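Computation of the quantities below employed the complete heavy-atom set of this structure, encompassing side-chain atoms and omitting hydrogens, waters and symmetry-equivalent molecules. Proteins get letters first, then strands, A, B, ... in listed order; numbering begins at 1 in each. Since the model is a prediction, treat every value here as computed from it, not as a measurement.
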Protein chains: 2
Amino acid sequence: MTDQSRVPPNLQAVADAAGVHRSTASRALNPATRHLVAGDVAGRIVETARRLGYRRDALAASLRTGRSRLVGVIVPDIANPVFGPILRGIERALAACGYSALLVNAGQGEADQMRLVEELMERRVDGLILATARRNDPVLGACLAAGTPTVLVNRADEGQRASAVVSDDRAGMVLAVRHLASLGHTRIGHLAGPQDLSTGALRRAGFVDAVRELGIGIEDAWVTASAYTREAGEIATSELLARHDVTAIAAANDLLALGAYRACAARGLVCPRDMSIVGHNDMPLVDMVEPPLTTIRISHLRMGEEAARLLVREIEAPDSEPERIVTEPELVLRASTAEPRSL
Amino acid sequence: MTDQSRVPPNLQAVADAAGVHRSTASRALNPATRHLVAGDVAGRIVETARRLGYRRDALAASLRTGRSRLVGVIVPDIANPVFGPILRGIERALAACGYSALLVNAGQGEADQMRLVEELMERRVDGLILATARRNDPVLGACLAAGTPTVLVNRADEGQRASAVVSDDRAGMVLAVRHLASLGHTRIGHLAGPQDLSTGALRRAGFVDAVRELGIGIEDAWVTASAYTREAGEIATSELLARHDVTAIAAANDLLALGAYRACAARGLVCPRDMSIVGHNDMPLVDMVEPPLTTIRISHLRMGEEAARLLVREIEAPDSEPERIVTEPELVLRASTAEPRSL
DNA sequence: TGACATCATGCAATCGATTGCAGAAGATCA
DNA sequence: TGATCTTCTGCAATCGATTGCATGATGTCA
């Protein structure tokens, strides 16, 4: 029968009810310090706390200890399906360590993001996870300058300033191009993502590498999309097709690939008969589009988990060196790629 | 030139540097109480704070004021694409009011969820948004019993115990069935969602209503899927087709509809020629599947925003009555529905 | 029995900001 | 000039838990 009085009991109330000092109650209630209290007394205190419905005030504890067990997570767009699994991974791994995630959606500009970081700092977050990093990100610089443990996820910065968990973007694109080459394609184009993001830059680099390595095609057969959206993909594809005579397209992102579907359809090109297309990310539902999209799978869930674990480690061992965890991407074969028609 | 000393300055430090008492500094730095301080003094304090790089400690302020400006948000699965827009709406509206979202992913069982709520309460959240509500949810009961302002989103409970922001699920399904009827279908089946969720129950009720109202078809031509997944949709569709001779299916959810695509394909039925299918939710990318899915659009973003606004109102006016906001769903016509073949 | 180690508990300072109350200084009016 | 009011600032208690230090109790061994 828990007491339903108006004001919730505090530590003092529990201590009084158990006939001990609040410091003893504090020790008995914290698993890490329970051994300092005699077994029977500890038992009595725990029981009393349960009976009174005592709930420890995490705010007060944080104030005293200086650790909030809160982690700020900044994503560019929560509504974007690729961030769902990342967030779930982060949340799960944080929860396992007793931390909680303070989620914020990044604003448009840099000033906006600075303000967000500032607000998170006011809440005394123990660390930050940024999924928003650009290659040379002043926001990241500010976080590091403030001495807050910070980990990047999905996108890395240019230097090795902070720890990061990313997919091997370069290798992923090599996988895609090799696959197309193995089908017999020699004229392959690339839809590049924004070049101020590590994903955009590295995947393009991977494309150039692969084309050079295989000794095929045209290294400069690429067009940069203005954003990772279907619309931008459609526009960029039109431009690519206008400039180069390609039989296959390796896109830096699934949405760009879907934009390419549209642009091809508009020109009467049938995928994969007239044009092979490879995406990147393996977003939910791309196996259901027509044709089902061949793409590069990235383990977003695991990336989120690793990022959270890395951050917790940095929080608890503040002077550790920045680390970079790179996960291996994987080719997922579906129906949007085939041998070129001329074969 | 902000001071880069090791320990961050506190209010006392600002007060000392400005030659005033900390209480005066507190008042000058808080916009709501600034008018209590003489203009020139306030200006000097603000300037000093800026110069020292002062950052208010939200933890300490919360402890003193009893308000954390933190809201707990519990979703069943962050990785599910429908929750992305809801979360963004919540986050945006909360931020506009100076609140932050503490995001947690619901565990499996009820006990798990209780523990999550307990942890959020320890952090002294000012309120809760639940996207996990079942029709008669004991977790919700616990939140209300604890006196924490709570708002449900997307799914409502059975009674009117708490405020909720939901789509008009019943009307949405009526829209779907009327659309099928208007094409000439008279034998329509329903893939129902889990019946312990308001969405599942109300959409089924809407199906029965519509069938009855139109005087067509068979009121009991429905099968309940075990979960809102493609797999469950596929299994339920097989069962439905085995039991009823229907020419159209109205699904309680887009994923169920995509499961129906599979089940139909497996039986050699071509959609929409042999079978019309309507989804529900208008998830991202369902316009790109083959055939593009006709579905019922729900404004998840707006639902999230409204839920957050409602919660903030309840936090700031604690004795307000539970309110229910119902948004209007909308039919999105694509290519998965057509006249029945026999016409 | 006395010296000393060990264990359990209490004491009180501390984290950093907020706010009701009181009092000082200055303004207003008769 | 004195009474009264207004405006501004300082004082100190408070929110609730944690923890270094001190002290008292108990046990051990010579």
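- Here dC7(C) presents its P atom at 16 Å from CG of D40(A), a figure rounded to the nearest Å.
- Evaluation of the side-chain hydrogen bond (donor to acceptor under 3.5 Å, both in side chains) rule for T132(B) yields no partner, not counting sequence neighbours.
- Between the CZ atom of R34(A) and the P atom of dT9(C) there is a distance of 14 Å, rounded to whole Å.
- For the helix from dT1(C)-dA30(D) to dA30(C)-dT1(D), the end axes, each set by the C1' atoms of five terminal pairs, are bent relative to each other by 50° (nearest 10°).
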Where along nucleotides 16-24 of chain D does protein come under 4.0 Å, by heavy atom, of base (B) or sugar-phosphate alone (S), with - for untouched nucleotides?
BBBBB----
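- A distance of 12.0 Å separates CG of L152(B) from CD1 of I325(B), quoted to the nearest 0.5 Å.
- Listed for the T48(B) side chain is a donor-acceptor partner under 3.5 Å among the backbone atoms of R44(B).
- Residue pairs meeting the salt bridge (charged side-chain N to carboxylate O under 4.0 Å, His left out) criterion with at least one member in residues 76-85 of chain B, sequence neighbours excluded: R88(A)-D77(B).
- Per the geometry, CG belonging to L36(A) stands 17 Å off P belonging to dC11(C), to the nearest Å.
- Of the residues listed (L197(B), I86(B), I129(B)), the one engaging N154(B) in a side-chain contact (heavy atoms from CB on, under 4.5 Å) is I86(B), and it is the only one.
- Residues passing the side-chain hydrogen bond (donor to acceptor under 3.5 Å, both in side chains) test with S163(B) are E314(B), sequence neighbours excluded.
- Looking only at distances, a side-chain donor or acceptor of R34(A) sits under 3.5 Å from a matching main-chain atom of A28(A).
- Not a single side-chain hydrogen bond (donor to acceptor under 3.5 Å, both in side chains) links R69(B) to another residue, sequence neighbours left out.
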